[in-house]
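Accompanying notes for the structure given below.
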Amino acid sequence: IGICSAYSFLSKKRFFPNLFLGIILLITFLYALIFFVYVYVYRPSQIEASIWMQKNVSKDSKIIAEPFDLGISPFHQASNNITFINFYELDHDQIIQSQLKETLSKDTYVVLTSQRILRSRTLSPETFPLSSAFYMNLAEEKELKKMYQPECDTYCKMLYMGNPMLNLEETSSVFDRPIVTIYKRL
C-alpha cells in the first residue's frame, strides 16, 4: 500500500516528467561544459600542431596546405616554404592537378588543419574522383605517412560525437577545435 501511495503522490506532483527534464538539462549542461573547456581552455589544436612541427621538422621543408583555411596561419612560423593548393578545384583544374603532382616530392608535408574538405570528398568519389583518391590515399597512408595527429581522449570523443575526422558534427571539427593531421611523403 505504501508503494502505491508513494507512486500516486509522485505522479500527481509530476515527479517523473520533471526528473526526465532534469536529466536532459544535466546532459546538455555537461556537453556544453565539455565543449567550452575543450575549445576555449585548452591550447588551440592548430598551435599545438605548429609547435610539434617547429620541433620535429626542418624550417625549409615543403608544406602543402589548403589556402582558404585560417588554421594554417601558425604554420608560417614552422616553415618558410608553404605551397597552397586549392583542393576545392582539384577535380576541375588541370593546372592545380599538375601543381599538386609537382609539389608532392620527397620530404613534402601535407597539413590538414581541418576536415572541411576531407569528408565531402571521400563521401562523393563519383563527383570528386581526384580529390577523393587523394584523401583516401592519405587515410590509407599509401604514399604519405601520418606523422602527427593528437590522440582523441574521452572528452574529444564526446565533443566530436565519436570519430573526430568523419563525424556528423562538423562545426566543432572544422572551426572550433579541428583535429590537425600532418602527413609526410614517403
Side-chain angles (χ1 to χ4, degrees), residues 31 33-88 90 96 99-123 131-186:
Y31 183 79
L33 181 65
I34 290 168
F35 179 83
F36 180 83
V37 168
Y38 208 70
V39 172
Y40 297 109
V41 175
Y42 287 6
R43 183 184 303 170
S45 55
Q46 299 94 331
I47 293 176
E48 288 178 0
S50 174
I51 291 170
W52 178 89
M53 188 164 248
Q54 288 174 25
K55 291 178 181 176
N56 296 289
V57 176
S58 166
K59 196 164 177 82
D60 296 323
S61 295
K62 295 179 197 170
I63 295 177
I64 295 174
E66 173 195 342
F68 305 115
D69 195 338
L70 294 177
I72 196 66
S73 297
F75 289 89
H76 289 286
Q77 296 175 0
S79 176
N80 298 326
N81 194 359
I82 299 177
T83 301
F84 295 105
I85 304 286
N86 184 353
F87 289 103
Y88 287 102
L90 181 63
I96 295 173
Q99 181 188 17
L100 179 62
K101 285 180 185 175
E102 186 179 304
T103 309
L104 269 178
S105 62
K106 195 172 184 174
D107 293 332
T108 300
Y109 291 85
V110 176
V111 177
L112 299 181
T113 55
S114 75
Q115 295 72 350
R116 185 161 58 175
I117 302 176
L118 178 115
R119 187 167 189 265
S120 63
R121 296 313 191 249
T122 55
L123 291 178
S131 299
S132 179
F134 176 76
Y135 286 111
M136 292 303 285
N137 284 340
L138 284 180
E140 295 169 5
E141 297 186 55
K142 288 184 178 178
E143 298 174 23
L144 292 105
K145 181 181 179 196
K146 189 183 300 179
M147 302 300 291
Y148 174 86
Q149 184 180 35
E151 290 294 320
C152 192
D153 60 12
T154 304
Y155 298 116
C156 168
K157 289 178 182 169
M158 289 173 71
L159 173 65
Y160 294 121
M161 298 178 192
N163 184 339
M165 294 293 280
L166 298 172
N167 63 351
L168 299 176
E169 170 45 45
E170 290 186 3
T171 303
S172 59
S173 66
V174 171
F175 299 108
D176 297 320
R177 188 160 176 88
I179 299 293
V180 178
T181 310
I182 300 171
Y183 296 89
K184 182 180 181 185
R185 177 77 176 187
L186 298 176

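Throughout, residue positions are numbered sequentially from 1 according to the sequence presented. All heavy atoms count here, side chains included; hydrogens, waters and symmetry mates do not.
- Using a 4.5 Å heavy-atom cutoff, the side chains of Phe87 and Ile96 are not in contact.
- Using a distance-only test at 3.5 Å, with no hydrogens or angles considered, no donor-acceptor pair links the side chain of Thr181 to the main chain of Leu112.
- For the atom pair OH (Tyr135) and CG (Leu90), the distance works out to 8.0 Å, reported to the nearest 0.5 Å.
- The backbone N or O of Pro74 lies less than 3.5 Å from a partner atom in the side chain of Ser50, making a donor-acceptor pair.
- By the neighbour-count criterion of 12 heavy atoms within 6.0 Å, atom NZ of Lys59 is densely surrounded, having more than that number from other residues, nucleotides or ligands.
- Nearest approach of Ser132 to Thr122, heavy atoms of both residues: OG-CA, 3.9 Å.
- The aromatic rings of Phe68 and Tyr88 sit tilted, their planes meeting at an angle between 30° and 60°.
- Considering only heavy atoms from C-beta on, Tyr148 stays 4.5 Å or farther from Asn56 through its side chain.
- The structure places OG1 of Thr108 at 12.0 Å from CD of Glu143, a figure rounded to the nearest 0.5 Å.
- Taking OH of Tyr109 as the reference point, atom CG of Asn81 lies at 12.5 Å (rounded to 0.5 Å).
- A pairwise comparison of heavy atoms in Lys146 and Glu141 identifies N-OE1, 2.9 Å as the closest pair.
- Note that CZ of Arg185 is 11.0 Å distant from OG1 of Thr103, once rounded to the nearest 0.5 Å.
- Distance CZ/Phe84 to CD/Glu66: 10.0 Å, rounded to 0.5 Å.
- Note that OH of Tyr42 is 10.0 Å distant from CD of Glu48, once rounded to the nearest 0.5 Å.
- The two residues Met53 and Phe75 make their nearest non-hydrogen contact at SD-CD2, 3.6 Å.
- Considering only heavy atoms from C-beta on, Leu104 comes within 4.5 Å of Leu144 through its side chain.
- Side chains of Arg43 and Ile51 form a contact here, defined as non-hydrogen atoms less than 4.5 Å apart.
- Each of Thr83, Ile85, Asn86 was scored for a side-chain contact (heavy atoms from CB on, under 4.5 Å) with Leu100, with one residue passing: Ile85.
- For the residue pair Val180 and Ala49, the shortest heavy atom distance occurs at CG1-CB, 3.4 Å.
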